[in-house]
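Working notes for the structure below.
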2 protein chains.
Amino acid sequence: MKSRGMPTIGQRNRLQYIILGLLNQRPQTGYDLAKAFENEIGEFWQAQHSQIYPMLKRLEAAGEISHEDTVTGEKLAKKQYTLTAAGREKLVAWVSQPSPELTPSKDEFILKLYFIKTASDPRIQPMLREQYQLHQSQLHHLQQRQETVFPNQAAIDQAYGHYLILDHAIERESHYVEWLAQYLEK
Amino acid sequence: MKSRGMPTIGQRNRLQYIILGLLNQRPQTGYDLAKAFENEIGEFWQAQHSQIYPMLKRLEAAGEISHEDTVTGEKLAKKQYTLTAAGREKLVAWVSQPSPELTPSKDEFILKLYFIKTASDPRIQPMLREQYQLHQSQLHHLQQRQETVFPNQAAIDQAYGHYLILDHAIERESHYVEWLAQYLEK
DNA sequence: AGAAAACATGTAATTAATTACATGTTTTAA
DNA sequence: TTAAAACATGTAATTAATTACATGTTTTCT
């Protein structure tokens with residue numbers, strides 16, 4: 001007697017919790033969730049719709065979410081998903097659990113630098129310039145979003161988590177840009 | 001006429017290039033490579049030995065690396081892998097290519113914060129403290145490694161890429177810790 | 001009026017990655 | 001001397017993630 005359909009223990013699969021968290025904010029469709037992974041939380045988690053729709057079915061089968069069919073216009077069918085009590089419990093349990101693992105991250109550009117052995121290699125400066133532009137424009141984009149989404153304190157108080165995540169993303173990009181600038185020759 | 005055994009175009013699979021890069025530094029065994037993913041480059045890429053050994057076979061079949069059998073002690077068999085000319089070419093081509101994609105990253109802790117709606121939620125401070133300790137100790141660890149691996153300028157010049165990667169990791173952790181401290185109540 | 005972009009939902013196929021299984025040797029420290 | 005840790009190499013099974021396939025509606029812009 002071993003498996004019961006559910007993974008043994010030591011679960012990974014954070015996607016399910018993130019979806020529960022998003023649905024806890026308000027009922028949403030799979031499409032809406034996919035947009036969230038492109039926008040507000042895209043800096044810290046990614047998922048395609050092809051991963052989201054099956055997960056919604058799985059969560060519904062597990063009784064953690066439920067859906068209501070609605071129609072937009074003449075016949076465009078939508079499924080609005082909502083958390084059940086069980087889903088809300090599971091979400092709270094996840095958030096309350098410690099997160100003692102350092103998140104592994106991957107950075108192809110930094111690795112390319114790693115494989116360049118000498119400081120005088122002529123490839124270094126163009127590479128740094130390319131990344132500088134890339135991260136600089138990403139930083140601008142994030143800063144603009146912050147200005148439009150959080151123009152005042154009231155907006156911050158209403159979506160504190162969203163504010164934190166954007167602030168963290170901006171700080172991260174900002175320091176990445178500074179690090180690049182440090183090695184860029186004027 | 002479509003597939004030729006190789007992925008159509010727009011290849012991902014960076015692992016192969018990273019292995020080529022590591023082998024370009026010096027001939028190494030699969031075990032050595034696995035250690036590198038735990039240590040010097042572990043901050044920016046991860047791979048298990050179960051991913052590495054099959055990839056070594058694949059690269060050898062493609063004629064990009066070759067191996068030499070050696071024996072340690074009485075009978076412990078090792079395979080020292082080396083880059084071929086084709087492998088070195090492929091590595092250079094990869095490094096020289098632009099890296100115009102922002103690396104997607106994942107951070108479970110930041111997402112948990114995102115799902116906490118109000119600044120007064122009692123769970124925030126303990127969570128921040130936990131992460132502060134985690135990242136603080138990681139920062140110390142990296143700083144110590146920098147001191148031992150790069151005690152002087154000569155050491156830096158001999159492994160400039162390694163120095164850059166460690167420096168970047170330290171800066172990243174350092175700013176993460178600062179960001180956490182900013183929201184920590186004294 | 002027509003075209004393009006955005007909305008909306010799914011499945012299939014493939015690839016990447018992790019975890020578990022499996023085995024044996026050599027070195028180091030108690 | 002003996003046990004543990006580190007060295008060394010592989011495969012199998014599972015899960016996660018991406019890319020491609022597949023279809024249709026509504027809204028917005030020209």
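Lettering of chains follows the sequences in order, A, B, ..., and the numbering in each one begins at 1. Everything numeric in this text was worked out from a predicted model, so none of it was measured.
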Collect all protein-nucleotide pairs involving nucleotides 26-30 of chain D in which both atoms are nitrogen or oxygen and the distance is under 3.5 Å.
residue : atom : partner : partner atom : Å
D:dT26  : OP1  : A:Thr72 : O            : 3.1
D:dT26  : OP1  : A:Glu74 : N            : 2.6
D:dT26  : OP1  : A:Lys75 : N            : 2.6
D:dT26  : OP1  : A:Leu76 : N            : 3.2

Exercise. Going by the angle between their ring planes, with limits at 30° and 60°, are A:His162 and A:Phe150 parallel, tilted or perpendicular?
Worked result: perpendicular

Problem set entry | Euclidean distance, atom CE of residue B:Met55 to atom C1' of D:dT11 [Å, nearest integer] | 16 Å

For this session: Report the distance from atom NE2 of B:His49 to atom P of D:dA6, rounded to the nearest whole Å.
Result: 16 Å

Exercise. Any side-chain heavy-atom pair from A:Leu142 and A:Glu43 closer than 4.5 angstrom?
Worked result: yes

For this session: Report the end-to-end axis angle of the helix from C:dA1-D:dT30 to C:dA30-D:dT1; each axis comes from five terminal pairs, and the value is rounded to 10°.
Result: 50°

Seminar exercise, completed: In this structure, OH of A:Tyr163 is separated from CG of B:Leu113 (nearest 0.5 Å) by 13.5 Å

For this session: Could you tell me the separation between the CD atom of A:Gln48 and the C1' atom of C:dT15, rounded to a whole number of Å?
Result: 14 Å

For this session: Could you walk me through whether B:Glu60 and B:Lys57 pass the salt bridge (Lys or Arg N to Asp or Glu O under 4.0 Å) test, one step at a time?
Result: CA-CA 5 Å; B:Glu60 188 164 41; B:Lys57 294 209 164 170; over 6 Å; no

Exercise. B:Asp121 versus B:Lys117: any side-chain heavy-atom pair under 4.5 Å?
Worked result: no

Exercise. Where the side chain of B:Gln125 meets the backbone of B:Glu185, is there a donor-acceptor pair that is under 3.5 Å apart?
Worked result: yes

Exercise. On a plain distance test, is the side chain of B:Thr29 in donor-acceptor contact with the base of D:dT9 below 3.5 Å?
Worked result: no

Problem set entry | Separation of C:dT19 C1' from A:Asn13 CG (nearest whole Å) | 15 Å

Problem set entry | Side chain to side chain, B:Asp32 and B:Arg26, heavy atoms closer than 4.5 Å | no

Problem set entry | Listed partners of A:Phe44 passing ring-ring contact (aromatic ring centres under 6.0 Å, His included), at least two apart | A:His168

For this session: Give a yes or no on this: more than 12 heavy atoms of other residues, nucleotides or ligands lie within 6.0 Å of atom CD of B:Glu101.
Result: yes

Problem set entry | Nearest-Å distance for atom pair CZ/P, residues A:Arg58 and D:dA16 | 6 Å

Problem set entry | Any residue meeting ring-ring contact (aromatic ring centres under 6.0 Å, His included) with A:Tyr160, in chain and number order, not counting sequence neighbours | none

Exercise. To the side chain of B:Ser50, which of D:dA16, C:dA12, C:dT18 is closest?
Worked result: C:dT18

Problem set entry | Between P of D:dT9 and CG of B:Leu56, the distance in whole Å | 9 Å

Exercise. What pairs of residues pass the side-chain hydrogen bond (donor to acceptor under 3.5 Å, both in side chains) test when at least one of them lies in residues 105-115 of chain A, not counting sequence neighbours?
Worked result: A:Ser105-B:Arg172, A:Asp107-A:Tyr176, A:Glu108-B:Arg14, A:Glu108-B:Trp94, A:Lys112-B:Ser99

Seminar exercise, completed: When rounded to whole Å, the CD to P distance for the pair A:Gln28 and C:dC7 reads 13 Å

Problem set entry | Residues from residues 31-41 of chain A lying under 4.0 Å of DNA chain C - heavy atoms | A:Tyr31, A:Asp32, A:Lys35

For this session: Would you mind telling me which residue lines up with the more 5' stretch of DNA chain D, B:Lys106 or B:Lys57, judged by nearest nucleotide?
Result: B:Lys57

For this session: May I ask you to test the A:Gln16-A:Lys90 pair for a side-chain heavy-atom distance under 4.5 Å?
Result: yes

Exercise. Taking atom P of D:dT18 as reference, at what distance in whole Å does atom CD1 of A:Ile52 sit?
Worked result: 10 Å

Exercise. Of the candidate nucleotides C:dG10, D:dT9, C:dT18, which contains the atom at the shortest distance from the side chain of B:Tyr53?
Worked result: D:dT9

Seminar exercise, completed: Of D:dT9, C:dT9, D:dA16, the nucleotide closest to the side chain of B:Lys79 is D:dT9

